[in-house]
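This report concerns only the one structure given below.
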Amino acid sequence: MTLSTPSIPVITLDGPSASGKGTVAERVAAALGFHFLDSGALYRLTALSAMKQGVALDDEARVAQLAAELPATFHDSAVWLADEDVTDAIRAEAVGEGASKVAALPAVRAALLDRQRAYRQAPGLVADGRDMGTVVFADATTKVFLTASAEARAGRRYKQLIGKGNSASLPALVADMQARDARDTARAVAPLKPAPDALLLDTTHMDIESAVQAVLAQYALLGT
Ligand code: C5P
């Protein structure tokens, strides 16, 4: 089955972890009344599913099978795996680490491709990830690549964790962030990089609302 539906607009937001793209993507989707795809959640769910079932994260064939059969559902902002609410569980640092590992496996990426493209439904889609503009929706007319320094991103993650009552170490978060960026950027399949036609938005010194406005302005210019 082909899932190509090029007449439906897609805005892609790619970038490294904690660049703010998730929040920006959700707000842009709400402003336009578009659907929203958090593709990272699919990789996180795949990793969580493997961890729960004792499948090694480098067992490409078995992890790809889990990805293809993910019993995942999204209700408002809650994420379910079969009959379990895993909204918080998939946000754990260990699951993010695991997601970055399974995301380097070509068969896992292939297994998630059609599922992601199926989100392209009227009136439009805002898709957040690493390869939305380069691979999954390479024909999107509005592509944005969000960046911010590793220190700024680690600082945001630190505030989030402390705000939720967790303990956190800023130097450890900077190191994790750099390790994950290096893995996402260096992998052979769908590495983290801006599409040639993406708008580069450095959010190091930018608040969320300004980033939302910049994406909406780019869509107004190119997307319709
Ligand atoms: O965006 P988020 O931090 O939730 O993504 C978790 C991990 O999933 C990333 O570190 C990345 O390795 C992987 N990912 C990916 N491609 C995407 C989305 C996420 O490789 N489109």
Side-chain angles (χ1 to χ4, degrees), residues 5-44 74-79 87 90-91 96 116-117 119-164 173-174 177 180-181 184-185 190-224:
T5 42
S7 58
I8 297 174
V10 181
I11 300 174
T12 59
L13 288 181
D14 290 305
S17 40
S19 55
K21 65 193 159 45
T23 313
V24 173
E26 263 187 293
R27 293 207 196 168
V28 169
L32 295 170
F34 281 11
H35 300 280
F36 167 58
L37 166 63
D38 171 6
S39 61
L42 296 174
Y43 290 94
R44 288 172 180 270
F74 296 84
H75 294 299
D76 299 323
S77 49
V79 185
T87 315
I90 60 162
R91 297 293 152 203
Q116 294 174 87
R117 289 186 175 148
Y119 280 83
R120 188 174 198 165
Q121 287 178 16
L125 173 69
V126 182
D128 147 18
R130 303 293 188 290
D131 62 341
M132 299 294 98
T134 49
V135 176
V136 181
F137 302 108
D139 62 337
T141 39
T142 306
K143 301 180 183 181
V144 180
F145 192 86
L146 274 91
T147 53
S149 68
E151 290 72 18
R153 291 182 288 118
R156 290 173 193 168
R157 187 54 56 83
Y158 181 81
K159 272 195 203 154
Q160 266 175 7
L161 288 168
I162 297 293
K164 284 186 187 161
L173 284 172
V174 174
M177 204 69 76
R180 195 179 311 174
D181 289 353
D184 288 350
T185 308
L192 171 66
K193 62 164 192 228
D197 49 347
L199 169 76
L200 298 183
L201 207 57
D202 184 339
T203 67
T204 306
H205 303 293
M206 196 183 264
D207 64 17
I208 294 288
E209 195 43 42
S210 313
V212 169
Q213 290 309 322
V215 176
L216 287 171
Q218 184 73 355
Y219 177 65
L221 199 66
L222 298 176
T224 46

task: Begin with the C-alpha distance, continue with both residues' side-chain angles, and end with the deciding distance and a verdict on side chain to side chain contact (heavy atoms under 4.5 Å, CB included) for R153 and D181.
output: CA-CA 11 Å; R153 291 182 288 118; D181 289 353; 2.5 Å; yes
- request: Nearest 0.5 Å please: distance from the OG1 atom of T141 over to the CD1 atom of I11.
  value: 8.0 Å
task: Show your reasoning for whether side chain to side chain contact (heavy atoms under 4.5 Å, CB included) applies to E151 and M177.
output: CA-CA 9 Å; E151 290 72 18; M177 204 69 76; over 6 Å; no
- prompt: Where do T147 and L200 land on the side chain to side chain contact (heavy atoms under 4.5 Å, CB included) test, with the steps shown first?
  reply: CA-CA 7 Å; T147 53; L200 298 183; 5.8 Å; no
query: Side chain of T204, backbone of S149: donor and acceptor closer than 3.5 Å?
result: yes
task: State, with a plain yes or no, whether a side-chain heavy atom of R91 is found less than 4.5 Å away from one of R44.
output: yes
field: Side-chain (H35) to main-chain (R120) donor-acceptor, under 3.5 angstrom
entry: no
message: Is it the case that over 12 heavy atoms from other parts of the model lie below 6.0 angstrom from the NE2 atom of H205?
response: no
query: Quick one: CZ on F137 to NZ on K143, what's the gap to the nearest 0.5 Å?
result: 11.5 Å
- request: Look up atom CG in L42 and atom CD in Q116, then write down how far apart they are to the nearest 0.5 Å.
  value: 5.5 Å
- prompt: If you take all heavy atoms of T12 and G133, which pair is closest and at what distance?
  reply: OG1-CA, 3.6 Å
message: How close do G129 and S39 get, counting heavy atoms only, and between which atoms?
response: CA-OG, 3.3 Å
field: Derivation of the side chain to side chain contact (heavy atoms under 4.5 Å, CB included) call for V136 and R117
entry: CA-CA 7 Å; V136 181; R117 289 186 175 148; 3.9 Å; yes
query: Would you call I8 and F34 a side-chain contact if the rule is heavy atoms closer than 4.5 Å?
result: no
Student check: side-chain heavy atoms of D38 and V79 closer than 4.5 Å: no
task: Write out all pairs satisfying side-chain hydrogen bond (donor to acceptor under 3.5 Å, both in side chains) with one or both partners inside residues 125-136, taking only residues at least two apart or from two chains.
output: K21-D128, R109-D131, R130-D184
message: I'd like to check L37 versus L125 (side-chain heavy atoms, cut-off strictly below 4.5 Å). Are they in contact?
response: yes
Min side-chain heavy-atom separation T142-P9 under 4.5 Å: no
- request: Return the minimal non-hydrogen interatomic distance between V10 and A140, and the atom names on each side.
  value: O-CB, 3.4 Å
What pairs of donor and acceptor atoms, side-chain ones from residues 23-32 against any protein atom, are under 3.5 angstrom apart with sequence neighbours left out?
none

Atom of S19, atom of G15 and distance for their closest heavy-atom approach: OG-C, 4.1 Å
message: Tell me the closest heavy-atom pair linking A41 and I90, and the distance in Å.
response: CB-CD1, 4.2 Å
message: As an exercise, state the distance from OG1 of T87 to CZ of F74, rounded to the nearest 0.5 Å.
response: 9.5 Å
